Amino acid sequence: MRLEPRAHVEPWRAAAAPVAALAAAFALCALPLALAGADVLAAYGKIVTGSLGSWFALGETLARATPLMLTGLAAAVAFRARLWNIGGEGQLYAGALAAVALGSGLVSAPAVLLLPLVLLAGAAAGALLMLGPAWLKLRLGVDEVVTTLLLNFVVLLFVSMMLDGPLKDPLGMGWPQSPPILDAASLPKLVGRGRVHAGLLLAIVAGLAVAFVVHRTVWGLELRAVGANADAARFAGVPVERTVLGVAALSGALAGLAGVGEVAGLKGYLTQDLSPGYGYAGIVVAMLAATNPLGVLVAALFIAAVFVGADSMSRAIGVSSYLANLIVATSLLTMLLAGLTLRWRVRW
Amino acid sequence: MSDVVLRLAGITKRFAGLVANDAIDLELRRGEILALLGENGAGKTTLMSILFGHYVADEGQVLVADDAGALRPLPPGSPHAALAAGIGMVHQHFALAGNLTAIDNIMLGTEPLWWPRQRGQAARARLDGLMRASGLQIALDAPVAGLSVGEAQRVEILKALYRDARVLILDEPTAVLTPQEAEQLFAVLRRLAAQGLAVVFISHKMGEVMALSHRIAVLRGGRKVADLPAGAADRAHLAELMVGRVVPERRREPMPPGAPCLELAGVRAPGLEPVDLVVHEHEIVGVAGVAGNGQAALSGLLCGLVAPLAGTLRLADRSWPTGGPAAVVAAGVARIPEDRNHDGVIGDLTVAENAILADRRSPALQRGGVLRPSAVAAHARRLIEAYDVRCTGPEQPVRLLSGGNVQKLILGRELERRPRLIVANQPGRGLDVGAVAYVHDRLLDARERGAGILLISEDLDELLALADRIAVIFRGRLGPALPTETLSLPRLGLMMAGHLDDAA
């Protein structure tokens, strides 16, 4: 068996590949579902209706997709430049911490001022957190996979310390949680009292903006050049170090915004379980989208739908909701394989 | 004794719409060195892959002599069968495991996996015998990762001999070797042929083909267009056979040099002893030397990758730009890097993106940091046309282009700016005859236009044809640039071996 590069990809093939990949993933996951004692078709039906089948379900999916879009973009933009930011989770918490520190009464200002300030602070916190590992990588060659990953735990412990200390809500009945964020610092709800908030619009705008920057600007060309071949980029006069630092800041800022969205749009205050691993899931989103920023928006919706749908399925049918992880993981693998078949032709 | 050991009969192989091999007949005799000559894409590698069982031919047959000397058909599509029939192959990219020792690499695959390891005295004794007989000396217990390219190649050849190869195929074996290593390889191959081994030597370099082989088969466009004794061949004729048309070998015409456009006085950089050098307008100054004697340091310095430690550098009318590659480019220096795929282009980006990479901030291509797609595409199309870059268009990823077309793209990008100074490092390396002629043509055009060119090359023929003056670099020390008329191949060879002063 050998792989030959494809010179040209037909449009139908590019369109069919993700569909085929999903079909394959669902077919593969039928076995474990059946082993768990579920009626496979009914289970898949529940996943669909539970994630998209009602306004409530759809709202839940969109709310869940919002942070995934931002952490997905954070990972995608970094991976494009070969900067392996595994620290989305920590940057998300850093952003959330900055948001509650500023938005829960420290500063009082009208909403038009306070909300942008809180968003900016969250983005800046995420960006600063990512600049450290990027600088260490450039100066001392420290592997950013290790530093960003380990910083996640450092940040989480720091959040825990703050929630039991200076940022502890005096009215919180002793629970380790922050005081609630002011209304003037909150992201408005999009639909009535539902869970979808303006963070979704922010995430979509961010996706469009990142897509524009990456594909249409000089800086985006530099970013892609550094990622694809840093030596050739340096030879052509691209300031490689500066580009990597810029990418690090942008990536951290996007993940930080995800954290702001969660506290300022959804929860209203910060706890230690703000994120069920959105930072890590963002990596999966980015890989699923092949680091394409617009693809990230779609992939985030897909993963959110599978998670929400699988939760609903497990409640209705009584199988473990961990099967959602299995479905997401399997579709990631089949999608990656499908991506390979677009780039290479397999010859026997 | 000239019994046939291998016969290819009517081999045809088609890939979707392309005939890679078209009814090729070929015979190989015992003790014979056959050169398979052809441009990139002529079908040499496909033919050898069929012989070795990587591909299955659509038509035709491979026949190999058995122990009794009778020709038998080789089962198609099986490298195992090819190995068993005594065919050994040394690929251009070696198939060695870097973390294993040389002897482990050689034994790998010859012992059953489930048996305790043998490689006892018997194997060593046999390898010692083979090394003595062939002249291939290697340290058997050295990890392969630490070997030089030439040594790794010797391990590959020994591996084939250890498996009782009667036919040895070498795919572009000299592409990665220094001239000295290539000479050693040729000596080994001659010796092995004299002992009865049949050798197929794939190449597109005419000089070495004529020096080494007994017989030359020329492929062009998938067909065998000639099969002649090496004695009956001459360069011009072979080039014409390979390319299919007469290749004009352009040489420089004398031209009075202009004002200095690059001056180095006592310049020091890591890996270089103090350099003194002047390149004038209308002048090509060649730098000759065996690979690894400081060429990379010199070109890194002049490409802006490395800052000088001491001394003065001047461009025509200004001091040397500080601020890295971008500043050097802005000062009007064109740079053709040694490793075009590693430093010259970015394979995953498109032709257009590669074409504008160094000029990306020019006001014609962007406004406020946003690229102007139509201007970018138009710029790329202009280069594609003016420099004859064969591609499907500005949007094609560069990794799908052939080496010659990548080099044309780089030439276009660099020369389009009408540079005052051109730093060309191995501009013809790995290119086929037609593309090399094209590169030389463009460099000579630039010289006529008034550019000064520093040409770093290991190809002495290239230097003698193009350079007005040649300096030799040895162990980081650049000698004086002497007029080409006063130099001869043997004298250059002596100087490259370190006799800088004796030869002067």
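Keep in mind that what you see is a predicted model, and the values were worked out from it rather than measured.
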Practice prompt. Can you tell which part of Arg372(B) gets under 4.5 Å to a heavy atom of chain A, answering side chain, backbone, both or neither?
Written response: neither
Worksheet item: For Arg13(A), does the CZ atom sit with more than 12 other heavy atoms under 6.0 Å from it, leaving out its own atoms?
Response: yes
Item to complete: Compare every heavy atom of Leu409(B) with every heavy atom of Ala355(B), then report the nearest pair and how far apart it is.
Response: CB-CD1, 4.3 Å
Worksheet item: Charged N to carboxylate O below 4.0 Å: is that the case for Arg82(A) and Glu144(A)?
Response: no
Response to the item:
Bottom line for Leu365(B): the part with an atom under 4.5 Å from chain A's heavy atoms is neither
Worksheet entry | Under 4.5 Å from any heavy atom of chain A - which part of Val376(B) | neither
Discussion item. Given heavy-atom pairs under 4.5 angstrom as the criterion, report whether the side chain, backbone, both or neither of Asn354(B) touches chain A.
Written reply: neither
Worksheet item: Heavy-atom distance under 4.5 Å to chain B: side chain of Val213(A), backbone, both or neither?
Response: neither
Item to complete: Count the heavy-atom pairs under 4.5 Å between each of Cys303(B), Gly300(B), Pro337(B), Gly344(B) and chain A, then report the option with the highest count.
Response: Pro337(B)
Worksheet, complete the sentence: Here the pair of heavy atoms bringing Arg390(B) nearest to Leu401(B) is O-CG, 4.1 Å
Discussion item. Over 60° means perpendicular and under 30° means parallel, so tell me whether His54(B) and His91(B) are parallel, tilted or perpendicular.
Written reply: tilted
